[in-house]
Amino acid sequence: MSPEEALRALGLSEAQAIWMRRRYREKALAVAQEDPYRLAREVPGVGFKTADDIAARLGFSADSPGRIRAGIVHCLRERAEEGDVCLPLHRLVQEAQALLQTDRRVVSASLHAMDGKGELVVESPLAGVQRDGSVYLPEYRAAEVGAAERLLDISRIGALRRGIDADAEADGEIPRAQAALGIALAPGQVEGLLAALGRGLTVITGGPGTGKTTVLKCLLAICERRRLRVELAAPTGRAARRMTEATGGQARTIHRMLEFAPGQGGFRKNRSDPLACDLCVVDEASMVDTLLMHHLLQALPPRCALLLVGDADQLPSVGAGQVLRDIIASGAAAVVQLTDAFRQAQQSDIVAAAHRILQGLLPEEQRSRGQGEFLFIEEEDPVRAVRTVVELVRDMIPRRLSIDPVDGIQVLAPMHKGAAGSTSLNEALQAALNPGGTPLAHPDRKSGPSARTLRIGDKVMQKRNNYDKGVFNGDVGKITGASRDDGSIAVSFDAEEVLYDPDELDQLSLAYALSVHKSQGSEYPSVVLALLGEHAGMLQRNLLYTAVTRARRLVVIVGSRSALQTAVRRTDSRGRCTGLAERLKAGADLR
């Protein structure tokens with residue numbers, strides 16, 4: 001039996017066995033046999049359950065120290081994937097006990113031993129906080145503590161900048177900027193502009209049509225006159241492009257700005273080699289997670305101010321944390337909430353629907369029978385709902401708006417699974433919109449030989465950052481061709497052609513339909529949202545609000561009225577487990 005066959009006999013896939021042979025060479029089988037739980041830490045695609053099954057085959061006992069430690073780490077990592085930076089001590093013990101089916105005392109003893117070895121951190125509650133201690137993976141605690149320290153440092157430079165806001169008014173900077181741009185700022189916008197000029201740490205938040213972009217335009221004009229160096233950044237390539245188009249400044253992704261070096265596993269811009277700027281502006285800040293915020297803050301020079309712009313009512317970041325909400329809740333920043341919808345936005349059914357959703361009210365439907373911008377089509381059955389979505393995208397909306405069905409319309413769903421999830425919608429839309437596209441062999445390593453097929457002409461999304469190719473997680477493009485000579489596949493992203501080898505196609509997925517989470521930071525001419533009872537576990541107000549506010553010209557919701565009512569009524573009451581707001585508040589109280 002070859003080493004690969006021996007590894008597969010343990011329960012690894014062919015791709016995982018090959019990865020291990022390349023990584024560990026002749027020691028691959030010994031690594032798996034000596035510590036199967038190491039595979040869950042190091043081998044892509046191997047989780048705790050797979051490692052646990054391998055360990056059982058090899059005769060490891062259910063109470064072996066390695067199993068208990070791996071189960072505890074698995075619980076923390078699983079909750080991090082759901083957004084939690086840490087877990088209360090008692091809850092972690094409960095979850096690990098349920099997973100491992102062992103005595104609580106065994107779990108508790110192992111947990112504290114891991115704390116002593118630095119494998120995790122058990123932290124006592126902060127003074128005045130009525131909760132038990134919290135448990136962190138070391139990298140998350142380091143990021144949260146580091147972010148809190150830098151945010152407090154930045155907030156304190158307001159004293160050094162005091163008077164700049166008064167100067168801006170006295171010197172006529174704001175009137176001059178308004179005249180040059182041909183705009184008139186509302187009082188709330190002036191407040192946000194003065195805060196960004198005079199304070200170290202500022203948050204400007206507000207919904208669609210409240211004028212956040214207008215504030216940024218004025219801010220950039222004033223900074224240019226004052227010769228202040230400004231860095232513009234956003235979490236995704238799509239959001240950075242929108243920021244560039246909207247403000248006229250040159251925005252980059254946070255990863256590009258910090259010069260991520262994949263070979264080094266980190267960022268070149270850091271505390272030792274900081275950015276050269278006086279002000280850093282981050283748009284779509286609700287999408288920034290704790291780890292990325294920590295790296296960004298480490299790269300800001302000592303006297304650099306930070307302006308976070310975003311909509312706190314949207315979904316929080318995909319990664320762990322709720323940074324924007326925590327900063328707002330802490331009181332450590334100057335927070336300006338823009339609430340006035342301007343004349344053009346006031347005439348929009350989409351903006352009106354978004355504001356009603358935030359108030360816990362159903363969007364008004366009196367204009368849905370005509371040519372309104374917000375439509376609801378009732379359909380209880382998921383299969384029929386998918387057919388309705390296809391008809392809307394293929395025929396009805398392109399005729400009404402004179403737009404391309406692929407480029408001009410984005411279908412969204414709350415989740416991937418289900419009869420009306422994004423996976424099923426993608427298959428139906430591919431068949432309807434690209435029936436004649438030449439298929440490409442696309443073996444999905446996770447699902448084996450019964451792989452889905454991509455076709456030339458398909459709308460696709462990049463699933464992870466690829467710095468060598470210059471494409472990033474969430475970038476959407478179109479497959480334009482395939483080479484007969486070397487098998488390479490060409491994908492066009494914003495008119496830039498990127499080549500993929502056949503074995504790199506697992507980086508791409510169909511993008512006719514996306515999850516609402518994947519749509520964050522994007523804007524589309526038209527959005528069609530599937531919203532049904534089968535999505536019950538994901539239905540909540542901020543998800544619906546995020547989906548609706550992605551559209552500029554038209555939103556169509558296809559689904560059940562009860563699902564819509566649930567989404568409007570249900571708020572994210574659990575929240576996420578983090579300590580950032582408490583750390584910031586404790587530090588701010590000491591000033």
Side-chain angles (χ1 to χ4, degrees), residues 41-42 44 73-87 118-121 123 134-154 201 203 231 233-237 239-240 252-275 280 282-300 306 308 310 314-328 330 332 463-467 472-474 517-518 520-521 575-584:
R41 300 191 301 270
E42 299 179 5
V73 170
H74 170 76
C75 289
L76 284 170
R77 293 210 176 279
E78 192 171 57
R79 294 306 291 267
E81 290 179 2
E82 296 176 8
D84 294 316
V85 177
C86 57
L87 273 183
E119 296 174 11
L120 49 74
V121 180
E123 187 177 79
S134 297
V135 187
Y136 290 79
L137 292 168
E139 63 268 31
Y140 283 102
R141 184 180 183 277
E144 187 176 271
V145 170
E149 290 174 349
R150 284 294 292 124
L151 286 166
L152 288 168
D153 288 343
I154 293 168
L201 179 60
V203 173
E231 285 280 5
T236 67
R252 295 181 287 175
T253 65
I254 296 173
H255 281 79
R256 278 191 182 277
M257 182 178 72
L258 301 184
E259 298 180 14
F260 183 74
Q264 301 172 19
F267 296 93
R268 292 194 179 96
K269 291 297 179 182
N270 49 42
R271 189 183 289 269
S272 300
D273 182 17
L275 297 163
C280 179
V282 179
D283 198 12
E284 297 289 352
S286 63
M287 298 175 65
V288 182
D289 61 43
T290 300
L291 294 175
L292 185 56
M293 178 58 75
H294 169 62
H295 288 296
L296 168 65
L297 293 167
Q298 294 301 308
L300 297 184
L306 176 64
L308 302 175
Q314 288 187 27
L315 288 168
S317 57
V318 174
Q322 49 184 20
V323 174
L324 183 63
R325 292 183 188 179
D326 282 350
I327 292 173
I328 292 172
S330 72
K463 295 194 294 184
R464 58 179 180 267
N465 293 338
N466 188 320
Y467 297 91
F472 302 93
N473 183 14
H517 280 85
K518 282 293 186 183
Q520 285 180 271
R576 293 183 169 187
C577 188
T578 80
L580 181 60
E582 293 166 2
R583 296 182 198 280
L584 290 172

With the side chain counted from C-beta on, respond yes when [X] and [Y] share a heavy-atom pair under 4.5 Å apart, and no when they do not.
{"X": "Val318", "Y": "Asp289", "answer": "no"}
{"X": "Ile327", "Y": "Leu151", "answer": "yes"}
{"X": "Val73", "Y": "Glu119", "answer": "no"}
{"X": "Cys280", "Y": "Leu306", "answer": "yes"}
{"X": "Glu284", "Y": "Thr236", "answer": "no"}

Hey, what do you get for [atom1] ([X]) to [atom2] ([Y]), rounding to the nearest 0.5 Å?
{"X": "Ile254", "Y": "Leu296", "atom1": "CD1", "atom2": "CG", "result": "5.5 Å"}
{"X": "His294", "Y": "Asn270", "atom1": "NE2", "atom2": "CG", "result": "10.0 Å"}
{"X": "Met293", "Y": "Leu291", "atom1": "CE", "atom2": "CG", "result": "11.5 Å"}
{"X": "Met287", "Y": "Leu315", "atom1": "CE", "atom2": "CG", "result": "10.0 Å"}
{"X": "Arg325", "Y": "Gln314", "atom1": "CZ", "atom2": "CD", "result": "10.0 Å"}
{"X": "Leu292", "Y": "Thr253", "atom1": "CG", "atom2": "OG1", "result": "9.0 Å"}

Exercise. Any Lys/Arg nitrogen of Glu231 or Arg256 sitting under 4.0 Å from an Asp/Glu carboxylate oxygen of the other?
Worked result: no
[X] versus [Y], closest heavy-atom pair with distance:
{"X": "Ala80", "Y": "Ala320", "value": "O-CB, 3.6 Å"}
{"X": "Val282", "Y": "Val288", "value": "CG1-CG2, 4.1 Å"}
{"X": "Cys86", "Y": "Gly579", "value": "SG-N, 4.5 Å"}
{"X": "Phe260", "Y": "Gly266", "value": "CD1-O, 3.4 Å"}

For this session: For a side chain to side chain donor-acceptor pair (under 3.5 Å) with Asp84, tell me which candidate from Arg576, Gln322, Arg79 qualifies.
Result: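 So, applying the side chain to side chain donor-acceptor pair (under 3.5 Å) to Asp84 and each of Arg576, Gln322, Arg79, only Arg79 qualifies.
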Problem set entry | Plane angle bin for Phe267 and His295 - parallel if under 30°, tilted between 30 and 60°, otherwise perpendicular | tilted
Checking the side chain of [X] only, and the main-chain atoms of [Y] only, is there a donor and an acceptor separated by less than 3.5 Å?
{"X": "Glu144", "Y": "Val85", "answer": "no"}
{"X": "Arg141", "Y": "Glu123", "answer": "no"}
{"X": "Arg583", "Y": "Ala148", "answer": "no"}
{"X": "Thr578", "Y": "Gly321", "answer": "no"}

Problem set entry | Verdict with reasoning, Arg271 to Arg150, per side-chain contact (heavy atoms from CB on, under 4.5 Å) | CA-CA 11 Å; Arg271 189 183 289 269; Arg150 284 294 292 124; 3.7 Å; yes
Exercise. Are Leu300 and Ile154 close enough, and set up right, to give a side-chain contact (heavy atoms from CB on, under 4.5 Å), and what steps lead you there?
Worked result: CA-CA 9 Å; Leu300 297 184; Ile154 293 168; 3.9 Å; yes
